[in-house]
Amino acid sequence: MNRHKKITILVCAFLTTLSIAACGKTKEDEFAPSQQESDIRTSESAESDIKDEIVNAEKSLGNQQENNVQTVENTDSEMAAEELLDLFISGSISAVDSTDLTSGFYITDLNMDSEEWDSYSIGEKVDLDNDGENELIICGPYGGIYLDARDNKVYKFAGGDGTALILSYTYYKGDIWVMYSNRSSAGFEYYHMEKFEGADNLAAEMNFGEEFDINNEEAGLNYTLNGAEISYEEYSELCSKILAAEVNTN
């Protein structure tokens, strides 16, 4: 190979190398912005995900705090009712009849724990009005007195009043019903039941009983439910459910 041809080959090789390097640089320069844009988009997507997670976490925390506040409020409400009833038991506060707010009385006004037939005693705390809070039973003559605590006061919720209104309570169809019984004469019995949803909300009433037909004594006993005549079998079935679950509070 002569010298001229060798120089030509070397020059071509050098130019080819420069061309490849320039091309590579161009590709690198073209790729760099795309890579940067991709990195930016990835970063922005990650930041967006983080922001979403923070927002969701804050919402979750807010809901949890709200639930906690509600739980505390409910607990405070229950404690207040229990505390009010306990204050009445200790003689610190009075109770009033919800139908006559001037008729206040203290536990010391009652004949408590004596041997006499008309004495009173502290009974159980039971949710008598189906509101989730317990009422206080003061056992005593004719079924005693039931007390409810609300609005920072203690109220007389129900009370027995002689042989024609003997107070008790019973369980019927999944709820507690306050019941008044009248067995004041032979051949006669009558029951009045009240279901509450909160002591100031009478939700349902029910009446049933048996008595002689004074116009037709030969016909025997009459059985009624809410004013309508029913058969002896129906009356017996009703009594077997209600009276079997009755709780006397004398």
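Because the structure is a prediction, the values reported are computed rather than measured.
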Q) How would you list, by chain and number, every residue that makes a side chain to side chain donor-acceptor pair (under 3.5 Å) with D161, sequence neighbours excluded? A) none

Q: Salt-bridge test for R150 and D148: reply yes if a basic N is under 4.0 Å from a carboxylate O, no otherwise.
A: yes

Q. Is the shortest heavy-atom distance from the side chain of N226 to the side chain of M206 under 4.5 Å?
A. yes

Q.
If I take atom CD1 from residue I138 and atom OG from residue S121, how far apart are they, to the nearest 0.5 angstrom?
A. 8.0 Å

Q: Return the minimal non-hydrogen interatomic distance between D100 and S103, and the atom names on each side.
A: O-OG, 2.6 Å

(Q) Counting C-beta onward and ignoring hydrogens, is there a side-chain heavy-atom pair between Y142 and L165 closer than 4.5 Å? (A) no

Q | Pairing residues for T99 by the side chain to side chain contact (heavy atoms under 4.5 Å, CB included) criterion, not counting sequence neighbours | A | D97

Can you give me every donor-acceptor pair (side chain of residues 176-193, partner residue at least two apart or in another chain, under 3.5 Å) with its distance?
{"unit_1": "W177", "atom_1": "NE1", "unit_2": "Y172", "atom_2": "O", "d": "3.1"}
{"unit_1": "N182", "atom_1": "OD1", "unit_2": "S184", "atom_2": "N", "d": "3.0"}
{"unit_1": "N182", "atom_1": "OD1", "unit_2": "S184", "atom_2": "OG", "d": "2.7"}
{"unit_1": "R183", "atom_1": "NE", "unit_2": "Y191", "atom_2": "OH", "d": "3.1"}
{"unit_1": "R183", "atom_1": "NH2", "unit_2": "Y191", "atom_2": "OH", "d": "3.2"}
{"unit_1": "E189", "atom_1": "OE2", "unit_2": "Y191", "atom_2": "OH", "d": "3.4"}
{"unit_1": "E189", "atom_1": "OE2", "unit_2": "Y235", "atom_2": "OH", "d": "2.7"}
{"unit_1": "Y190", "atom_1": "OH", "unit_2": "N207", "atom_2": "OD1", "d": "3.3"}
{"unit_1": "H192", "atom_1": "ND1", "unit_2": "N207", "atom_2": "OD1", "d": "2.6"}
{"unit_1": "H192", "atom_1": "NE2", "unit_2": "E194", "atom_2": "OE2", "d": "3.0"}
{"unit_1": "H192", "atom_1": "NE2", "unit_2": "E205", "atom_2": "OE1", "d": "3.4"}

Q.
Quick check: is I166 connected to Y169 through a chain of hydrophobic side chains (ILVMFWY, heavy atoms under 4.5 Å apart)?
A. no

Q: Just jot down the salt bridge (charged side-chain N to carboxylate O under 4.0 Å, His left out) partners of D127, sequence neighbours excluded, or say none.
A: none

Q) Looking at side-chain heavy atoms only, is the closest gap between T224 and I230 below 4.5 Å? A) no

Q: Could you go through the side-chain contact (heavy atoms from CB on, under 4.5 Å) check for V126 and V247 one step at a time?
A: CA-CA 11 Å; V126 180; V247 179; over 6 Å; no

Q.
Taking the side chain as everything from C-beta on, heavy atoms only, tell me whether V154 gets closer than 4.5 Å to I93.
A. yes

Q.
Using only atom types and a distance under 3.5 Å, with no angle test, would you say the side chain of D129 pairs donor to acceptor with the backbone of A199?
A. yes

(Q) Count I, L, V, M, F, W, Y as connected when their side-chain heavy atoms are under 4.5 Å apart, and connections chain through other members. Are F208 and L202 then in the same cluster? (A) no

Q. Any chain of hydrophobic side-chain contacts (each under 4.5 Å) joining Y171 to L243?
A. no

Q: Determine the minimum heavy-atom distance between L84 and K153, stating which atoms define it.
A: CD1-N, 3.9 Å

Q. Between atom OH of Y232 and atom CG of L221, what is the distance when rounded to the nearest 0.5 Å?
A. 9.5 Å

Q | Shortest non-hydrogen contact from K156 toward S98 | A | O-OG, 3.7 Å

Q. Would you find a donor on one side and an acceptor on the other, under 3.5 Å apart, between the side chain of S168 and the backbone of N248?
A. no

**Q.** Validation row: I122, L136 side chains within 4.5 angstrom (heavy atoms)
**A.** yes

Q.
Please enumerate all residues that pass salt bridge (charged side-chain N to carboxylate O under 4.0 Å, His left out) together with K125, with sequence neighbours excluded.
A. E82, D86

Q. Any side-chain heavy-atom pair from E135 and L147 closer than 4.5 angstrom?
A. no

Q) Atom OG of S94 and atom CZ of F88: how far apart are they, to the nearest 0.5 Å? A) 8.0 Å

Q: State which residues pass side chain to side chain donor-acceptor pair (under 3.5 Å) with E234; sequence neighbours excluded, sorted by chain then number.
A: S231

Q. What pairs with N222 under side chain to side chain contact (heavy atoms under 4.5 Å, CB included), at least two apart in sequence or on another chain?
A. D213, E229

Q | Side chain S119, main chain E115, donor-acceptor under 3.5 Å | A | no

Q | Nearest heavy-atom neighbours spanning A81 and A149 | A | O-CB, 3.6 Å

Q) Of all residues at least two apart in sequence or in a different chain, which pass the ring pair (Phe, Tyr, Trp, His ring centres under 6.0 Å) check with Y146? A) none

Q | Residues forming a side chain to side chain donor-acceptor pair (under 3.5 Å) with S240, sequence neighbours excluded | A | none

**Q.** Cluster overlap L110 with L87, hydrophobic side-chain contacts below 4.5 Å
**A.** yes

**Q.** Side chain proximity check, W117 to P141, heavy atoms < 4.5 angstrom
**A.** yes

Q. Are side-chain heavy atoms of N201 and F196 found at a separation under 4.5 Å?
A. no

Q. For F105, does the CZ atom have more than 12 heavy-atom neighbours from other residues, nucleotides or ligands under 6.0 Å away?
A. yes

Q) How would you list, by chain and number, every residue that makes a salt bridge (charged side-chain N to carboxylate O under 4.0 Å, His left out) with K241, sequence neighbours excluded? A) E237

Q: Run through the side-chain heavy atoms of Ile, Leu, Val, Met, Phe, Trp and Tyr, join any pair under 4.5 Å, and report what else lands in L101's cluster.
A: V96, Y155

Q: List, by chain and then residue number, the residues other than Y106 in its hydrophobic cluster (Ile/Leu/Val/Met/Phe/Trp/Tyr, side-chain heavy atoms under 4.5 Å); write none if there are no others.
A: none

